[in-house]
Structure formats: structure tokens, C-alpha cells
Amino acid sequence: MNKIVTNLEEAVAGIEDGATIAIGGFFAAGVPRTLLKAIIEKGVTDLTLACGSGPMLGAVNELEEMVKNRQIKKVIDSYGLFRSATKGSKHAFEQQIRAGEIELEIYPMGTLAEKYRAGGAGIPAFFTPTGSGSIIENTTLTNIDSNRKKKETREIDGQTCVLEYALKPDFAFIHAHTSDYEGNLRYRKTARSFNPVMAMAARITIVEAENIVPAGELDPDAIHTPGIFVQRVIKVPRTSFNITNL
Amino acid sequence: MKKFEGLPREIIALRVSREIKDNSYVNLGIGIPTLVSNWLEGRDIILQSEIGMLKTGPIAEGEFIDQDLINASCQAVTEVPGSVYFDICESFGMIRGGHVDITVMGAFQVNAAGDFASWYNPSRGLEGVGNVGGSMDLAVGAKILLIAMEHVTNDGKPKIVRELTYPATAKKKVSKIFTDLAVIDVVPEGLVLKEIYPGLTPEDIQSITEPVLIIAPDIKEIEI
């Protein structure tokens, strides 16, 4: 089964206005920057970027382009704001959030990881103790008042647990170190992070890989993401970026 | 309110490092907790980083910076013999599942019940959202949760308070508080003042701490 596509247009084909796209990576590491550039080029709007831990703060140039072009409707994240409040308040991204032009929906990082896992694993919802004793017991965290939803809780083994739902994005953008023709993936070091679980969660998973090898080249015992979770793979150059100070 | 000179942030971190026993798996949060790693050389302590790494090595510099290797604070770090990488679900399995021995976090406020607030910064002026990151998972899964922070805010207000005025990260989870001026145990009876900055009195610490402190019979100067 050959999943390799040869140009970026083909890689991001079928992504329309209003799509929800999971963006792999964690801050600067493992972010699919080339696929983000392709979506900027494509110019689709009303996008929901389903993130894990600030990949758009890591890929800040791509974020700035998308904010300038007003392509983002909503960001789901655990750490979506610049660490420095002073820097953040001056940034166009945060200004659009403050103005309610971009919705920011926040979950605890482990809850968000599990929402993707549940989405990929066919579990519609789950109870977690994370957030008990905080306002997360009562409400979703969002800057848009009217979108705050009441949460359900249940006492399990003497612990208040919060009901959280699976998250199944339309697409996932994944950055891998190596893919074979069949979309079996290996990641490198901490660039793994949210990538495998997002690859599992999305309906269509699109991978940018720094290296592409024939099937059989990767040790079957050492594959991080089995190809069944992957629909398209494109080869991208290994480009250097700054590990930004958030 | 009186302003007291205390330990620099690096030395608060040193004091915290003394609290961590060898053979522990430890997660260090952003801020003063990150500095604890500077004091662990030669110790048999394994750092867990929520990005998906066990046995995080020292900060990388120059040619040793690898763009695929950062810690959860987005600092370039290094790999050491025994380092392991894994995905985010496995990472939070370790955290939420109670496999990490000691968690060190910063806080805006802590109260006598061991509740603490760390994720929402009201000065940011954004209603309803903030950088929760891994803080709530780390707190709920912590076997021992240590807080490392300045004793008072920049404008001198107590951070150890009767009632949290910022939204909580978790409740009844804090075991011990390390500040620039004191070390305080959180016990069912309240807050026990165990160690104080040399030259200060328990009354000095009480004057900048809202809940009434229980003075430990064996109270001593902070050992560093």
C-alpha cells in the first residue's frame, strides 16, 4: 500500500473551510511546520486547530501568518498562550482571542491527550480525576462565555471525577522522522509527544516525514505509529528552527 | 507590610533538592522548580518531563542543542545513559497514574488546607482561560507535592493565604511549601513553620502569612 504523495497540494487536498485539524508536536518540537505552510498557502478559513501543548507557540511564524490571514476560528490546547503575559498581550494572536475573534478552549494536558486517545480508540467518553477541586469540575474553559458548558462529575472510589469526551479531528498534521511507503512511522526524541495519539485520533492523518524508506527498512519491532493510522505521507526537508523562548 | 530579604531563587531550589531522596522519580514544574535540576548532579534521581522523556539530562548549549530534544519548559536539554522517550499518553499515564514520586510546582497562592492556585493569572485580563498545561494532572497524581515559590508577591502581598482568591489547580494536595523565607509543612492541623531564613523570627514570617502558623518545637534556620 503506497501512501506517499509527491506535492503539498495533494497532501492537504480535501481540507475545506471549517475543518478541525490536529497539530502534532509540543511547543517547538515535532511540529508539522511544512504542512502548516501548505494550509496557509491554501488559504482555507474558519479552522479549528486541535493542539496538545502550544505547537503554534513553537511554530510562531506560521501562527502569525494564520492570524494575519484570519484563518483560525478556534484553538484547542492546554498551553495556548505565550508564557509571558506582557509578550502575549502585545501579540496579534492574543488580541484576537481577547476580542473574541478566536476562541481558545483549554483542557489539562493529560485530559487532552486522553481525549485524542479515546477518539482514536473508540471510547466516546471517560471519567478522570484531573481537574477535581478546580473550576473544571463545573465548566469548560473558554474565552467565549456562551460556549461554556456544564460538566458532569461522579464520585468514584471517594474521588470526584470529571466526564470528558473523545476528540476526533477531521485531519491530523503529523511530523515524523521516518516513514516507510506504507506510513509506518518513527519519531525522533521528544518530537514524538502528541504526534502518535493525534495520528490515531483523526479521520485523515497526513504525515510530513524527514525521511522516506521502502517497506521493510524499519525494524517492525521499533515502529511508533503503525501505518493503519496514516492516510498520506509527504517527504519534507529537515529544516532548522529556533527553540523559542515562550 | 515589612519587606524581608531572603534566599535567591537558585537557593530555594537548592533547599528543595535536599528534600528529594535518591532513587526518586521527580517532575519539576516551570519557574523555581526547574532550577532544582541544577542541584541534582551526582544524585540518583530521575527527572520525568511531561513532553515524553524520562531521565532528562542537563540543559544543552551550543553545538549540543538538538531541535528534537526539549523539556516541557521548551528548553533544549540533553540525553544521558538510561534516557527514555515515549508519547504523551504514556507520559500522563506516569503522572496521573501516581508513578512519579515527587512533584515540585510553583504557585500564586497556597492555603492551610493544601489547596493551591497556579494556572490562572488575573493580571492577564483574559476571562475563563489560562495556561493549565500539565499542572492539574501533575497535582492530582502527585504522591508528594512540594511548592517552591516566593513568600510574597512582587508588591508584598501574602501568597500563603486564608482563602484562595485565584482559581484552584487542585485541593488538599500540597505537602510542603518552600519559600525564600521559610519552609512550612502542610498537616491536617494547619501550617507548621519548620525552618526560617537566618535572622528572622517566627513573628516576622507570621506578619507576611495569612493563616496562623503552628511553630514547630524544633524550628531552625533554613539549612543550605
Side-chain angles (χ1 to χ4, degrees), chain A residues 26-30 52-54 57-58 78-81 83 85 88-89 94 97-98 104-114 116-117 128-136 139 141-145 148 177 187-197 224 240-246, chain B residues 30-31 49-53 56 60 65-77 79 83 85-97 115-117 119-141 167-173:
Chain A
F26 189 116
F27 293 148
S53 181
L57 304 179
S78 68
Y79 203 107
L81 299 167
R83 187 177 301 157
S89 65
E94 218 163 289
I97 292 170
R98 195 165 276 112
L104 179 64
E105 191 173 282
I106 293 286
Y107 292 93
M109 198 184 294
T111 295
L112 198 41
E114 211 58 23
Y116 292 114
R117 202 191 72 82
T128 174
T130 297
S132 65
S134 82
I135 59 171
I136 280 187
T139 176
L141 299 183
T142 162
N143 58 318
I144 309 289
D145 294 359
R148 275 180 211 136
H177 182 252
Y187 309 95
R188 188 168 172 272
K189 304 185 188 284
T190 53
R192 190 182 324 180
S193 203
F194 273 93
N195 278 300
V197 76
H224 299 135
S240 62
F241 50 82
N242 284 331
I243 298 168
T244 51
N245 186 358
L246 310 170
Chain B
I30 289 170
S49 181
E50 54 265 46
I51 190 171
M53 185 177 189
T56 305
I65 292 175
D66 180 333
Q67 64 188 18
D68 291 334
L69 181 44
I70 62 171
N71 64 16
S73 302
C74 203
Q75 295 167 301
V77 290
E79 187 177 285
S83 291
Y85 303 109
F86 36 84
D87 72 75
I88 201 76
C89 290
E90 208 164 1
S91 182
F92 277 86
M94 295 172 192
I95 289 167
R96 206 190 308 100
D115 309 344
F116 75 109
W119 67 271
Y120 181 74
N121 181 355
S123 71
R124 197 153 196 149
L126 267 172
E127 276 302 309
V129 287
N131 283 333
V132 174
S135 63
M136 291 185 186
D137 304 282
L138 281 159
V140 83
T169 302
K171 295 209 167 139
K172 298 190 176 72
K173 291 301 296 191

Side chain, backbone, both or neither: which part of [X] has a non-hydrogen atom closer than 4.5 Å to chain A?
| X | result |
| --- | --- |
| B:Ala117 | neither |
| B:Ile95 | neither |
| B:Arg124 | both |
| B:Val132 | both |
| B:Thr169 | backbone |
| B:Asp115 | neither |
| B:Ile30 | side chain |
| B:Ser135 | neither |

So do the side chains of [X] and [Y] get within less than 4.5 Å of each other, counting heavy atoms only?
| X | Y | value |
| --- | --- | --- |
| A:Thr128 | A:Glu114 | no |
| A:Arg192 | A:His177 | no |
| B:Glu50 | B:Phe92 | yes |
| B:Phe116 | B:Lys171 | no |
| A:Ile136 | B:Met136 | yes |
| A:Arg188 | B:Tyr85 | no |

Non-hydrogen atoms of chain B under 4.5 Å away: do they reach the side chain of [X], the backbone, both or neither?
| X | result |
| --- | --- |
| A:Ser132 | both |
| A:Thr111 | both |
| A:Ser89 | neither |
| A:Arg98 | both |
| A:Leu112 | neither |

I'd like to know which of [options] tops the heavy-atom pair count under 4.5 Å against chain B.
| options | result |
| --- | --- |
| A:Glu94, A:Met109, A:Lys189 | A:Lys189 |
| A:Gly80, A:Ala85, A:Pro196, A:Ala28 | A:Ala85 |
| A:Ile97, A:Leu57, A:Ile106 | A:Ile106 |
| A:Gly30, A:Ala191, A:Gly110 | A:Gly110 |

Self-check item: For the student: nearest non-hydrogen atoms of A:Pro129 and B:Arg96, plus distance
Solution: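 For A:Pro129 and B:Arg96, the tightest heavy-atom pair comes out as CD-CD, 4.4 Å.
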Exercise. For residues B:Gly128 and A:Leu141, report the shortest heavy-atom separation together with the two atoms involved.
Key: O-CB, 3.4 Å
I need the residue from [options] with the largest number of non-hydrogen atom pairs under 4.5 Å to chain A.
| options | answer |
| --- | --- |
| B:Asn71, B:Leu69, B:Leu138, B:Ile70 | B:Ile70 |
| B:Ser49, B:Ala72, B:Gly93 | B:Ala72 |
| B:Gly52, B:Ser73, B:Ala76 | B:Ser73 |
| B:Gly130, B:Gly125, B:Ser123, B:Ser83 | B:Gly130 |

Self-check item: Parallel, tilted or perpendicular, as decided by the 30° and 60° cut-offs, for the rings of A:His224 and A:Tyr187
Solution: parallel
Practice problem: Ignoring hydrogens and angles, state whether a donor on the side chain of A:Glu105 or A:Tyr107 is under 3.5 Å from an acceptor on the partner side chain. | Solution: yes
Practice problem: Sequence neighbours left out, what passes side-chain hydrogen bond (donor to acceptor under 3.5 Å, both in side chains) with B:Glu90? Give chain and number order. | Solution: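 None.
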Exercise. Sequence neighbours left out, what passes side-chain hydrogen bond (donor to acceptor under 3.5 Å, both in side chains) with B:Asp87? Give chain and number order.
Key: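 B:Asp87: no side-chain hydrogen bond (donor to acceptor under 3.5 Å, both in side chains) contacts found.
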Quiz item: Within the side chain of B:Asn131, is there an N or O that forms a donor-acceptor pair under 3.5 Å with the backbone of B:Gly133?
Solution: no
